[in-house]
Protein chains: 2
Amino acid sequence: MPKTQPASKAIQMAERLCRERGVRLTNQRRDVLAAISASTRPLGAYDIMEALREKQPKIAPPTVYRALDFLQAEGLVHKLESLHAYVGCQHPDHPHFSQFLICNDCGDVDELHSAGVTGSLDDAAHARGFEPDHRTIEVVGRCARCLAQGSKPAP
Amino acid sequence: MPKTQPASKAIQMAERLCRERGVRLTNQRRDVLAAISASTRPLGAYDIMEALREKQPKIAPPTVYRALDFLQAEGLVHKLESLHAYVGCQHPDHPHFSQFLICNDCGDVDELHSAGVTGSLDDAAHARGFEPDHRTIEVVGRCARCLAQGSKPAP
DNA sequence: TCCTGCAATGTTATAATGTAACAAATCGTG
DNA sequence: CACGATTTGTTACATTATAACATTGCAGGA
């Protein structure tokens with residue numbers, strides 16, 4: 001079950017959250033979020049650059065990375081470390097820790113928020129006297145749809 | 001609590017496991033494993049290259065990456081996605097899924113094997129009909145030692 | 001032993017991802 | 001409008017990783 005949120009909704013939500021938080025969702029940042037939200041797949045920073053090149057032919061990497069840094073800090077996008085790519089957050093309106101299910105076959109990504117996972121991980125960390133700050137939890141495998149049809153739709 | 005296993009032990013274990021499995025722990029691969037095992041910190045691929053340059057002045061990236069691919073496939077080293085770096089596996093002799101605690105201050109890495117974490121994550125995945133293959137579970141924060149002394153020993 | 005086939009390594013070049021450093025523009029505010 | 005702070009532009013480069021093809025080395029059978 002990939003991508004529930006339509007792009008326009010994601011932007012609206014981001015507008016509201018940034019307004020409430022007193023931070024600026026500039027055009028640049030909105031455009032980057034829009035590109036990510038419009039995609040059914042995780043986008044790399046350079047994919048995003050390509051997507052924005054239509055509007056901004058001279059866009060350079062630092063611009064994209066800066067926008068991504070902002071969006072991540074505000075919890076509006078997540079980075080998938082194992083793909084070097086970015087996805088829109090499905091529930092940016094409340095704080096949470098996410099886990100990601102990444103399908104090897106179709107490339108779709110599903111965002112989970114399992115309290116059990118976060119809880120047991122933090123428990124295990126605390127048992128070693130470790131104080132968690134940021135968590136990266138990603139599972140690569142096959143999604144329900146691809147398991148069902150047994151094919152490899154998108155390489 | 002970082003790095004329990006001395007490098008020589010790690011090599012011995014790797015020798016044995018590879019023999020049992022009928023795969024070849026070549027000099028190249030052993031040297032890479034040795035470099036990783038000798039370090040108290042995760043090493044990047046290019047760090048490993050530097051470490052091997054003494055013995056092999058002309059070593060190139062593909063050599064290192066190929067050895068790393070092999071060692072990962074055999075469960076002898078793990079890749080830390082959030083650091084783009086590699087550590088030796090602390091328990092290569094039996095199959096397991098690991099979680100990593102990465103200290104922001106001192107850079108040390110602790111390898112966990114919490115059945116609870118793996119179990120709850122796989123449960124959450126299965127609840128979505130997802131079949132897990134590979135898991136990346138990394139926690140960045142502060143380790144017990146750094147919390148205790150409140151300083152930042154190693155940048 | 002020698003050949004042969006496959007696995008491993010060497011070599012060159014380049015792709016993909018990410019950042020440093022400083023200049024210019026823009027925004028909100030007094 | 002002028003000011004300071006934030007944001008963006010721009011150039012150059014650092015870091016991580018892989019493609020492609022040549023060469024070497026190793027094991028097993030003729």
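By convention in this document, chain letters (A, B, ...) are assigned in the order of the sequence lines, proteins followed by strands, and residues within each chain are numbered from 1.
- D:dT6 atom C1' lies 15 Å from atom CG of A:D69, rounded to whole Å.
- Toward the 5' end of DNA chain C, the nearer of the two residues B:F70 and A:G44, judged by each one's closest nucleotide, is B:F70.
- If A:A67 and A:P61 are placed on DNA chain D by their nearest nucleotide, the residue sitting closer to the 5' end is A:A67.
- Proximity of B:H84 to the phosphate of D:dT15: no side-chain N or O atom is located under 4.0 Å from OP1 or OP2.
- The aromatic ring of B:Y46 does not sit over the base of D:dT15; the criterion of centres under 5.5 Å apart with planes under 30° is not met.
- Distance A:K58 NZ to D:dT10 C1': 9 Å, rounded to the nearest Å.
- For C:dG10, the OP1/OP2 oxygens have a side-chain nitrogen or oxygen of B:Q28 closer than 4.0 Å.
- Note: CD1 (A:I59) to C1' (D:dT10) measures 13 Å, nearest angstrom.
- The nearest whole Å value for the distance from the CD atom in A:E81 to the C1' atom in D:dT15 is 15 Å.
- The nucleotide whose nearest atom lies closest to any side-chain atom of A:A60 is, among D:dT11, D:dT16, C:dT11, D:dT11.
- Summarising the geometry, atom OH belonging to A:Y86 is positioned 14.5 Å from atom CG belonging to A:L76; distances are rounded to the nearest 0.5 Å.
- With C:dT9, C:dG18, D:dA17 as the choices, the nucleotide that has an atom nearest any side-chain atom of B:T26 turns out to be C:dT9.
- Of the inter-residue distances, the one linking B:I59 atom CD1 with B:E54 atom CD reads 12.5 Å to the nearest 0.5 angstrom.
- Taking the six-membered ring where the residue is Trp, B:H84 and A:H84 present parallel rings, their angle staying beneath 30° rather than reaching 60°.
- Considering A:V109, A:L83, A:I102 as possible partners of A:E138, the one that fulfils the side-chain contact (heavy atoms from CB on, under 4.5 Å) test is A:I102.
- Rounded to the nearest 0.5 angstrom, A:I137 CD1 and B:Q99 CD are separated by 9.0 Å.
- The nearest whole Å value for the distance from the CE atom in A:M49 to the P atom in C:dT17 is 11 Å.
- Contact check, B:Y65 against C:dA15: no side-chain N or O comes under 4.0 Å of OP1 or OP2.
- Toward the 5′ end of DNA chain D lies the nearest nucleotide of A:V23, the other residue of the pair A:V23 and B:Y86 mapping further downstream.
- Taking only side-chain nitrogens and oxygens, A:K79 comes nearer than 4.0 Å to OP1 or OP2 of C:dG18.
- Regarding A:R53, its CZ atom lies at a distance of 14 Å from the C1' atom of D:dT10, rounded to whole Å.
- One finds the CZ atom of A:R53 at 12.5 Å from the CD1 atom of A:I48 (value rounded to the nearest 0.5 Å).
- Of the side-chain N and O atoms in A:R24, none sit less than 4.0 angstrom from OP1 or OP2 of C:dC27.
- Distances from the side chain of B:R29 to the nucleotides D:dT18, D:dT11, C:dT9 place C:dT9 closest.
- Look at A:T63 and you won't find any side-chain N or O under 4.0 angstrom from OP1 or OP2 of D:dT8.
- When each of C:dT19, D:dG9, C:dT12 is scored by its nearest atom to the side-chain atoms of A:R66, the top-ranked nucleotide is D:dG9.
- Nucleotide D:dT8 holds its C1' atom 15 Å from the CG atom of A:L25, rounded to whole Å.
- The side chain of A:Q56 sits closest to D:dG9 out of D:dG9, D:dA17, D:dT10.
- One can place CG of B:L83 at 14 Å from C1' of D:dT15, the figure rounded to the nearest angstrom.
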